[in-house]
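This is the structure, below, for whatever I ask next.
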2 protein chains.
Amino acid sequence: MLSLTEENYLKAIYHLSDDGSKSVLTNDLAAAMNTKAASVTDMIKKLSAKTVISYEKYYGVNVTSKGKNEALMVIRKHRLWETFLVEKLGFSWDEVHEVAEQLEHINSTRLIEKLDEFLGFPKVDPHGDPIPDNKGKLKIMPMVAIDQLNIGYQGKIAAVKDSDSQLLKYLDKIGAKPGTKLKILNKEAYDESMEVLINDHRIFISKEVSQNILVVE
Amino acid sequence: MLSLTEENYLKAIYHLSDDGSKSVLTNDLAAAMNTKAASVTDMIKKLSAKTVISYEKYYGVNVTSKGKNEALMVIRKHRLWETFLVEKLGFSWDEVHEVAEQLEHINSTRLIEKLDEFLGFPKVDPHGDPIPDNKGKLKIMPMVAIDQLNIGYQGKIAAVKDSDSQLLKYLDKIGAKPGTKLKILNKEAYDESMEVLINDHRIFISKEVSQNILVVE
DNA sequence: AAATATTTTTAGGCTGACCTAAAAATTATA
DNA sequence: TATAATTTTTAGGTCAGCCTAAAAATATTT
């Protein structure tokens, strides 16, 4: 059983390690957790004792398969709650994260199974991120940001990358959410801005924005 | 801002004081919180410093009006979540308490207002307990347990008293929930058991059970 | 009202999650 | 490759929320 704080550390490690595929350094984790390296070292020892990460002094940490599973269950809860907040309670896209950060720590298997059912077993959350199933299985779609694509590309927005609230507000305003139709009309070589068709509206977007709009490859 | 633990203590004090109408003794609070008197004394000092209770050494604590309001907001959240769990997620009556104990500490005014709206601004929770409004106003109905009533009484079940899971399971089985029609057919003077009509079914119930079924006076 | 029993508080300790400052190990640079 | 810079760990301390044991205050009994 992990404490709330331990769950948050584990989740951060999981994300920083690119879903468990590389090791995470103490300082990076400290930055992500808004804490000091010394505190991280303390926590690393605890998580290591609980066998959710493996740890080699001075060389960073790796999530174990047990840890990966526990992290995915927290992510599952987070994304199901985000979906609930947007779909059922009418939260806007950019407001959900903070509340979901709290809700993800509610401990009840029954609750999360019932919630999943109530939501109709969604496959992705409102940002387009995949929701792990109750076994911790995650269906990852290979995606590209649209700044990598050429003029004439047509498809549907699959997800948005950053979870920055400002960006989400902006994307919401221009109607760019997962599921929305998108076409690349023009690209400006100078600043890599582009003109796109979103929901049949012509819009100019900067490179920064285009790097955050993802489509399935 | 109260911590999770402080919120739980305050809620317990509020309930033990009969909604703020009398003082609460250290030992009673220790029993309710499953902790030791010494720990309670510690916590009492903290809550006192935060002006949610007033405290006179050796003579127990009283909730202040500020404390009363904070307690009612936690109770509001608890009862709204219980309603959500039963009405929307299909939890049975006796399963909700434990989960609601966790959910009541989620901190987001916006969330609770949205939830209230989603549920259609319910006035009572699934046990028939009144839900405080967002100002902390509580509408208390004067109620009696049916063991106090006479043969021939007819009315609707308004609430159930105890929140013991065993009792709730039993009441659920016999169909005795808030809103259900009820009539007292017979009373046995010897053991104070009674025969009642619940949902047009004749049922014998013991004194213990009849003391837990409430109707509006 | 004195003695006894009960309740409550104080004193001092523990653990989890944090901190600062200093030491140790690793990595980069001259 | 020796020295400097950076990263990480260790050592020791704080605060919240708990504990036990002992002291103090209150309540009860005789």
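The sequence lines fix the lettering, A, B, ..., with proteins before strands; numbering per chain opens at 1. The basis for the numbers below is simple: all heavy atoms, side chains too, and nothing from hydrogens, waters or symmetry mates.
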Residue pairs passing the side-chain hydrogen bond (donor to acceptor under 3.5 Å, both in side chains) test where at least one lies in residues 120-130 of chain B, sequence neighbours excluded: B:Glu82-B:His127
Is the side chain of B:Lys77 donor-acceptor paired with the backbone N or O of B:Ile112 at a distance under 3.5 Å, no angle test?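 No.
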Could you list the donor-acceptor pairs under 3.5 angstrom formed between side-chain atoms of residues 47-57 of chain B and any protein atom two or more places apart in sequence or on another chain?
{"from": "B:Lys50", "atom 1": "NZ", "to": "B:Met1", "atom 2": "O", "distance (Å)": "3.1"}
{"from": "B:Lys50", "atom 1": "NZ", "to": "B:Glu6", "atom 2": "OE1", "distance (Å)": "2.9"}
{"from": "B:Lys50", "atom 1": "NZ", "to": "B:Glu6", "atom 2": "OE2", "distance (Å)": "3.3"}
{"from": "B:Thr51", "atom 1": "OG1", "to": "B:Lys66", "atom 2": "NZ", "distance (Å)": "3.1"}

Below 4.0 angstrom from OP1 or OP2 of D:dT10, is there any side-chain N or O of A:Thr41?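 Looking at the OP1 and OP2 atoms of D:dT10, neither is under 4.0 Å from any side-chain N or O of A:Thr41.
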Which protein N or O atoms sit under 3.5 Å from an N or O of nucleotides 2-6 of chain C?
none

Check: B:Pro132 main-chain N/O paired with B:Arg79 side-chain donor or acceptor under 3.5 Å: no
Using a 3.5 Å cut-off and no angle test, enumerate the donor-acceptor pairs between side-chain atoms of residues 20-41 of chain B and protein atoms at least two apart in sequence or in another chain.
{"from": "B:Ser21", "atom 1": "OG", "to": "B:Ser17", "atom 2": "O", "distance (Å)": "3.3"}
{"from": "B:Ser21", "atom 1": "OG", "to": "B:Asp18", "atom 2": "O", "distance (Å)": "2.9"}
{"from": "B:Thr41", "atom 1": "OG1", "to": "B:Ala37", "atom 2": "O", "distance (Å)": "3.2"}

Write out all pairs satisfying ring-ring contact (aromatic ring centres under 6.0 Å, His included) with one or both partners inside residues 60-79 of chain B, taking only residues at least two apart or from two chains.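 Found B:His78-B:His97.
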Quick one: what's the B/S/- string for nucleotides 15-25 of chain D, heavy-atom cutoff under 4.0 Å, read 5' to 3'? -SBBBB---BS
Distance in angstrom units between A:Met33 CE and C:dC18 C1', rounded: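 Those two atoms, CE and C1', are 12 Å apart.
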Got more than 12 heavy atoms from elsewhere within 6.0 Å of NZ, B:Lys114? yes
Spacing between A:Leu29 atom CG and D:dT7 atom P, to the nearest angstrom: 15 Å
Please test B:Glu188 against B:Lys207 for salt bridge (charged side-chain N to carboxylate O under 4.0 Å, His left out), starting from the C-alpha separation and ending with a verdict. CA-CA 10 Å; B:Glu188 180 55 54; B:Lys207 191 193 180 187; over 6 Å; no
On the nucleotide D:dT6, are OP1 or OP2 found under 4.0 Å from the side-chain N or O atoms that A:Asn27 carries? no
Expressed as a whole number of angstroms, how long is the span from A:Glu56:CD to C:dA25:C1'? 13 Å
